[in-house]
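All remarks here apply to the structure that follows.
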Amino acid sequence: SQTIHQWPATLVQPVGSPLSLECTVEGTSNPNLYWYRQAAGRGLQLLFYSVGIGQISSEVPQNLSASRPQDRQFILSSKKLLLSDSGFYLCAWSEDSYNEQFFGPGTRLTVL
Amino acid sequence: RKEVEQDPGPFNVPEGATVAFNCTYSNSASQSFFWYRQDCRKEPKLLMSVYSSGNEDGRFTAQLNRASQYISLLIRDSKLSDSATYLCVVKDYGGSQGNLIFGKGTKLSVKP
């Protein structure tokens, strides 16, 4: 069966510091991968998605970036965090663009 | 702007009650529909897909009305463990990869 992992689970970072969140998927190959952010009291916002190694599409302009160095690894990064980057970051995978997505446990980021 | 709208609630119901949530979507070209459940500070989890003919999974029944562009979820014989936020999700094929559009969720609280 497929599993999706994210780490760290929680993170507290100062403004201006860098960020690296990692997501890995097991039990499937060539999945679509997604990064979402859920701010307090708000819906999920799609940040990035990837249909293959090295292929990244950005949905929202921001100071975040994503990379997919391996088939089942998806990384979310920032060079300098802003206060507004605080939120619950969720990685998800799907078999293709037409099926349901399955979420990892998320990383709760607080920028102070 | 393409949207998915839900009544945020909260819906406070006693155990054993029947409760129904509705969700409306604005993109008539949407093709796939889902209900996700999200517990407090946890990731969303797929509850059920919504098919054109309607579908049932135990105490849960989902229906789709394409003409009126709304989706419903009916929960019968509510349990305490049903307390969560229920997210209506629409597959938007207007974008380049048909990404999921999430509603902000309807909060359900089942009381003893």
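Throughout, protein chains are lettered first and strands after them, A, B, ... in sequence-line order, and every chain is numbered starting at 1.
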side-chain contact (heavy atoms from CB on, under 4.5 Å) between A:Thr3 and A:Phe102, worked out: CA-CA 9 Å; A:Thr3 56; A:Phe102 300 94; over 6 Å; no

Geometric class of the B:Phe102/A:Phe103 ring pair [parallel <30°, tilted 30-60°, perpendicular >60°]: perpendicular

Nearest-0.5 Å distance, OH of residue A:Tyr89 to CG of residue A:Leu44: 12.0 Å

Residues of residues 33-53 of chain B with any heavy atom under 4.5 Å of a heavy atom in chain A: B:Phe34, B:Tyr36, B:Gln38, B:Arg41, B:Lys42, B:Glu43, B:Pro44, B:Leu46, B:Ser49

Heavy atoms from other residues, nucleotides or ligands near CD of B:Gln63 exceed 12 (cutoff 6.0 Å): no

Sidechain-backbone polar pair: B:Arg76 side chain, B:Gly58 backbone, donor-acceptor under 3.5 Å: yes

Structural part of A:Gln45 lying under 4.5 Å from a heavy atom of chain B: neither

Minimal non-hydrogen separation, A:Asp85 against A:Arg37, with atom names: OD1-NH1, 3.6 Å

